[in-house]
S.K.: 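Below you'll find the structure I mean.
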Amino acid sequence: MKKIIQLITGLWVGLSVYAQPLQESVIILTMNEAVDLARRQSPDILSARHSFRSSYWNYCYYKANYLPALNFSSTPNFNHAINSITLSDGTAQFIQQNQLLTNASLSITQNVALTGGSLFVETGLQRLDVLNQNETTYKSVPVVAGFRQSLLGYNQLKWDRKIEPLRFEAAKKTYVEMIELVSANAVMKFFNLVKAQTNLEIAQTNYANADTLYAFAQGRYKIGTITENEMLQLEVNKLSEESNRLSAQLEVDDCTEALRAYLGIKESSPIVVRTDPAIALEAVRVAEALQYALTSSPDIVNMQLAERESDSRVAYAKGTTGLKADLYMRFGLAQTGKTMETAYRNPLNEQYVEVGISFPVLDWGRSKGQVQVAKSNRDMVYAQTDQYRTNFEMNVIKTVKQFNVQKNQLTVAIKADYTAERRSDVARKLYLLGKSTILDLHASITEKDTAKRNYINTLYNYWSLYYTLRSITLFDFEKNIPITEDYELLIN
């Protein structure tokens with residue numbers, strides 16, 4: 001009979017276990033894995049890639065302005081209308097026209113960065129068909145060369161050569177900086193979930209302990225070893241811990257979804273995070289970090305860019321006000337004929353030179369005002385960049401010092417967490433033995449929870465400062481190498 005009962009019991013337990021739903025799979029995620037996912041597929045990194053590609057194609061457009069351009073053009077038109085025509089004696093008459101004009105031209109243009117002008121060479125052919133008279137005429141331009149130049153104006157090509165390479169350099173550094181900022185943001189969202197799960201674990205442990213203590217207190221109250229007030233206090237603690245547990249679960253759910261969205265995780269499985277220990281890194285030297293930041297940070301490049309753009313606006317204000325002169329020259333060969341062959345026979349010389357001059361006779365100080373405004377804005381930009389540079393250096397120094405101190409604080413936090421955990425266990429056992437008061441028990445629990453949360457916060461501050469330091473210096477202090485990216489891979 002005993003064996004039969006054991007067999008039935010075993011079958012019942014087995015069927016009960018089998019009947020339970022399978023435990024939902026979970027995603028185990030470390031901080032380094034979260035950072036890797038964020039670097040690959042977070043919304044911020046995708047936006048940064050598109051921004052860099054836009055900067056790259058703007059840079060390609062800038063470089064193309066200094067290369068020869070080959071263009072083909074054709075503007076055929078049909079005219080069947082009554083138009084006013086000037087005759088050879090100078091009078092005008094309305095004459096009905098019925099003609100077809102077809103043309104084609106091929107030109108090569110080369111901008112001259114030194115002067116801001118442009119050279120061009122062109123060849124073309126026109127055909128005119130007078131339909132009501134059945135006549136055809138050709139005009140050929142075998143070759144023509146010309147030059148356009150603003151003599152006293154603003155040289156856009158010159159200033160683009162000073163500004164655009166710096167702008168593209170800032171775009172490259174900004175992309176690398178964004179990767180580190182994305183890492184820092186991923187660390188923040190990761191540790192938000194770590195804190196939430198830690199709070200949930202604390203709440204669950206505290207609730208279990210409070211439930212045990214309350215059940216134990218009921219027994220002690222019945223035999224009169226504790227007062228009713230103490231037993232009710234333990235009941236209130238149990239209810240409070242139950243409420244904390246429910247609130248902590250909601251916080252875990254919110255932080256999980258925020259991390260899942262940022263990392264681009266499509267799976268709906270619960271996420272369980274595991275913290276990574278601090279890396280074995282020597283103290284960062286302030287002078288070295290400052291040197292890396294001043295040579296690699298996009299903030300420094302953007303300051304230089306702002307200064308050059310302000311200089312460019314001053315040059316533009318000077319070039320578009322006051323005396324202005326433009327030069328246009330065109331030299332070449334041309335001929336007409338009834339056939340295409342005769343149109344290319346014995347071409348005649350053509351020359352055309354035009355000089356345009358303009359200057360304000362009376363503008364009530366408008367030109368001078370524009371230049372002075374541009375100069376004032378330039379001086380303001382230089383003053384701002386000087387202040388920004390000073391603030392930037394102070395921020396680098398402050399971040400390095402905070403990071404160096406944070407590692408020592410992390411060591412202290414680990415010891416405090418371990419000690420507080422042990423003290424809480426001892427206090428609970430002493431209370432169960434009747435050798436401690438409930439106030440001592442509550443104090444030990446509070447210290448334990450505070451030490452655990454302080455450890456998590458200190459670990460988060462360590463990693464946050466680490467990636468912040470990387471972002472402002474663009475230097476990997478762990479591997480002792482500059483941080484860079486394969487930009488060609490981004491374009492392709």
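Not measured: the values here are computed from a predicted model.
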S.K.: Taking only residues two or more places apart in sequence, or in another chain, which ones meet Asn32 in a side chain to side chain donor-acceptor pair (under 3.5 Å)?
M.R.: Asp276
S.K.: Output every pair passing side-chain hydrogen bond (donor to acceptor under 3.5 Å, both in side chains) with a member in residues 312-325, not counting sequence neighbours, ordered by first then second residue.
M.R.: Tyr154-Ser312
S.K.: Under the 3.5 angstrom rule, does the side chain of Ser296 hit a backbone N or O of Ala293 as a donor-acceptor pair?
M.R.: no
S.K.: So for atom CG, which belongs to Leu114, do other residues, nucleotides or ligands contribute more than 12 heavy atoms lying within a distance under 6.0 Å?
M.R.: no
S.K.: Search all heavy atoms of Ile483 against all heavy atoms of Val176 and return the closest pair with its distance.
M.R.: CG2-CG1, 3.5 Å
S.K.: Do Asp425 and Lys448 have side chains that approach each other closer than 4.5 Å (heavy atoms only, starting at C-beta)?
M.R.: no
S.K.: What I'd like to find out is whether the side chain of Ser54 reaches to under 4.5 Å of the side chain of Asn58, using heavy atoms alone.
M.R.: yes
S.K.: Heavy-atom distance under 4.5 Å between the side chains of Leu37 and Ile265, does that happen here?
M.R.: yes
S.K.: For Ser25 and Pro270, work out which heavy atoms get closest and say how close.
M.R.: O-CD, 3.4 Å
S.K.: Any ring pair (Phe, Tyr, Trp, His ring centres under 6.0 Å) pairs touching residues 370-396, not counting sequence neighbours?
M.R.: none
S.K.: Please enumerate all residues that pass salt bridge (Lys or Arg N to Asp or Glu O under 4.0 Å) together with Arg378, with sequence neighbours excluded.
M.R.: none
S.K.: Would Val400 and Thr473 count as a side-chain contact (heavy atoms from CB on, under 4.5 Å) if you check the C-alpha gap in whole Å, the side-chain angles of each, and the deciding distance to 0.1 Å?
M.R.: CA-CA 10 Å; Val400 172; Thr473 61; 6.0 Å; no
S.K.: Which distance, rounded to the nearest 0.5 Å, do you find between the CD of Glu177 and the CD1 of Ile472?
M.R.: 9.5 Å
S.K.: Can you list everything that forms a ring pair (Phe, Tyr, Trp, His ring centres under 6.0 Å) with Tyr462? Sequence neighbours excluded, please.
M.R.: Phe403
S.K.: Would you say Asn111's side chain and Ala113's backbone share a donor-acceptor pair under 3.5 angstrom?
M.R.: no
S.K.: For Ser183, enumerate each residue passing the side chain to side chain donor-acceptor pair (under 3.5 Å) test, keeping only those at least two apart in sequence or located in another chain.
M.R.: Arg39
S.K.: So which heavy atom on Leu474 is nearest to which on Pro298, and how close?
M.R.: CD1-CD, 4.1 Å
S.K.: Work out which heavy atom in Ser464 is nearest to a heavy atom in Val187; give both atom names and the distance.
M.R.: N-CG1, 4.3 Å
S.K.: Which heavy atom of Pro277 sits nearest a heavy atom of Trp463, and at what distance?
M.R.: O-CZ2, 3.0 Å
S.K.: In chain order, what residues pass the side chain to side chain donor-acceptor pair (under 3.5 Å) check against Asp160, with sequence neighbours excluded?
M.R.: Gln156
S.K.: Applying side-chain contact (heavy atoms from CB on, under 4.5 Å), run through Asn391 and Gln387 and close with a yes or a no.
M.R.: CA-CA 6 Å; Asn391 294 340; Gln387 184 61 46; 3.0 Å; yes
S.K.: Just wondering, do Met31 and Thr275 contact through their side chains at under 4.5 Å, heavy atoms?
M.R.: no
S.K.: Is the side chain of Asn404 donor-acceptor paired with the backbone N or O of Val284 at a distance under 3.5 Å, no angle test?
M.R.: yes
S.K.: Closer than 3.5 angstrom, by distance alone: can the side chain of Gln402 be matched with the main-chain N or O of Asn461 as a donor-acceptor pair?
M.R.: no
S.K.: May I ask you to decide if Tyr66's main-chain N or O and Gln110's side chain share a donor-acceptor pair within less than 3.5 Å?
M.R.: yes
S.K.: Please round to the nearest 0.5 Å and tell me the distance separating atom CD of Gln406 and atom OH of Tyr460.
M.R.: 11.0 Å
S.K.: Heavy-atom count around Phe72 CZ within 6.0 Å, excluding the residue itself: above 12?
M.R.: yes
S.K.: Of all residues at least two apart in sequence or in a different chain, which pass the salt bridge (Lys or Arg N to Asp or Glu O under 4.0 Å) check with Arg285?
M.R.: Glu288
S.K.: Taking only residues two or more places apart in sequence or in another chain, which ones pass salt bridge (Lys or Arg N to Asp or Glu O under 4.0 Å) with Asp417?
M.R.: Lys452
S.K.: Can a salt bridge be assigned to the pair Glu169 and Lys173 using a cut-off of 4.0 Å between side-chain N and carboxylate O?
M.R.: yes
S.K.: Using the salt bridge (Lys or Arg N to Asp or Glu O under 4.0 Å) criterion, which residues pair with Lys189? Sequence neighbours excluded.
M.R.: none
S.K.: Side chain of Asn199, backbone of Lys195: donor and acceptor closer than 3.5 Å?
M.R.: yes
S.K.: Under a 4.5 Å cut-off applied to non-hydrogen side-chain atoms, are Asp386 and Arg389 in contact?
M.R.: yes
S.K.: Between Leu250 and Leu246, is any pair of side-chain heavy atoms under 4.5 Å apart?
M.R.: no
S.K.: Would you give the length of the straight line joining atom CG of Leu151 to atom CG of Asp326, rounded to the nearest 0.5 angstrom?
M.R.: 7.0 Å
S.K.: Of all the heavy-atom pairs spanning Ala38 and Ala186, show the shortest one and how long it is.
M.R.: CB-CB, 3.5 Å
S.K.: First locate atom CD of Gln372, then atom CG of Asn377, and finally report the distance between them rounded to the nearest 0.5 Å.
M.R.: 11.0 Å
S.K.: When you measure from the side chain of Ser51 to the backbone of Ser47, do you find a donor-acceptor pair of N or O atoms at a distance under 3.5 Å?
M.R.: no
S.K.: So, Glu180 side chain and Thr468 main chain: donor-acceptor pair closer than 3.5 Å or not?
M.R.: no
S.K.: Can Asp311 and Arg308 be counted as an ion pair, charged N to O under 4.0 angstrom?
M.R.: no
S.K.: For the pair Glu478 (side chain) and Ile279 (backbone), establish whether a donor and an acceptor sit closer than 3.5 Å, ignoring hydrogens and angles.
M.R.: no
S.K.: Do the side chains of Leu46 and Arg49 get nearer than 4.5 Å, heavy atoms only?
M.R.: yes
S.K.: Can Tyr175 and Leu490 be said to form a side-chain contact (heavy atoms from CB on, under 4.5 Å), step by step?
M.R.: CA-CA 11 Å; Tyr175 176 74; Leu490 286 174; 3.3 Å; yes
S.K.: Identify whether the distance between the nearest side-chain nitrogen and carboxylate oxygen of Glu309 and Arg167 falls below 4.0 Å.
M.R.: yes
S.K.: Given the rule in the side-chain contact (heavy atoms from CB on, under 4.5 Å) test, do Val112 and Leu157 qualify, once you have shown the distances and angles that lead to the verdict?
M.R.: CA-CA 8 Å; Val112 183; Leu157 296 172; 5.8 Å; no
S.K.: Holding to ring pair (Phe, Tyr, Trp, His ring centres under 6.0 Å), I want the full list of residues that pass it with Tyr59, two or more places apart in sequence or in another chain.
M.R.: Tyr62, Phe168
S.K.: What is the distance from atom CG of Asp476 to atom CD1 of Ile481, rounded to the nearest 0.5 Å?
M.R.: 5.5 Å
S.K.: Check whether any side-chain heavy atom of Leu29 lies under 4.5 Å from a side-chain heavy atom of Leu193, and answer yes or no.
M.R.: no
S.K.: If you measure from CE on Met188 to OH on Tyr467, what distance do you get to the nearest 0.5 Å?
M.R.: 14.5 Å
S.K.: Check whether any side-chain N or O of Asn454 sits under 3.5 Å from a backbone N or O of Thr450 as a donor-acceptor pair, and report yes or no.
M.R.: no
S.K.: Could you work out, with side chain to side chain donor-acceptor pair (under 3.5 Å) as the rule, every residue matching Thr385, not counting sequence neighbours?
M.R.: Glu307
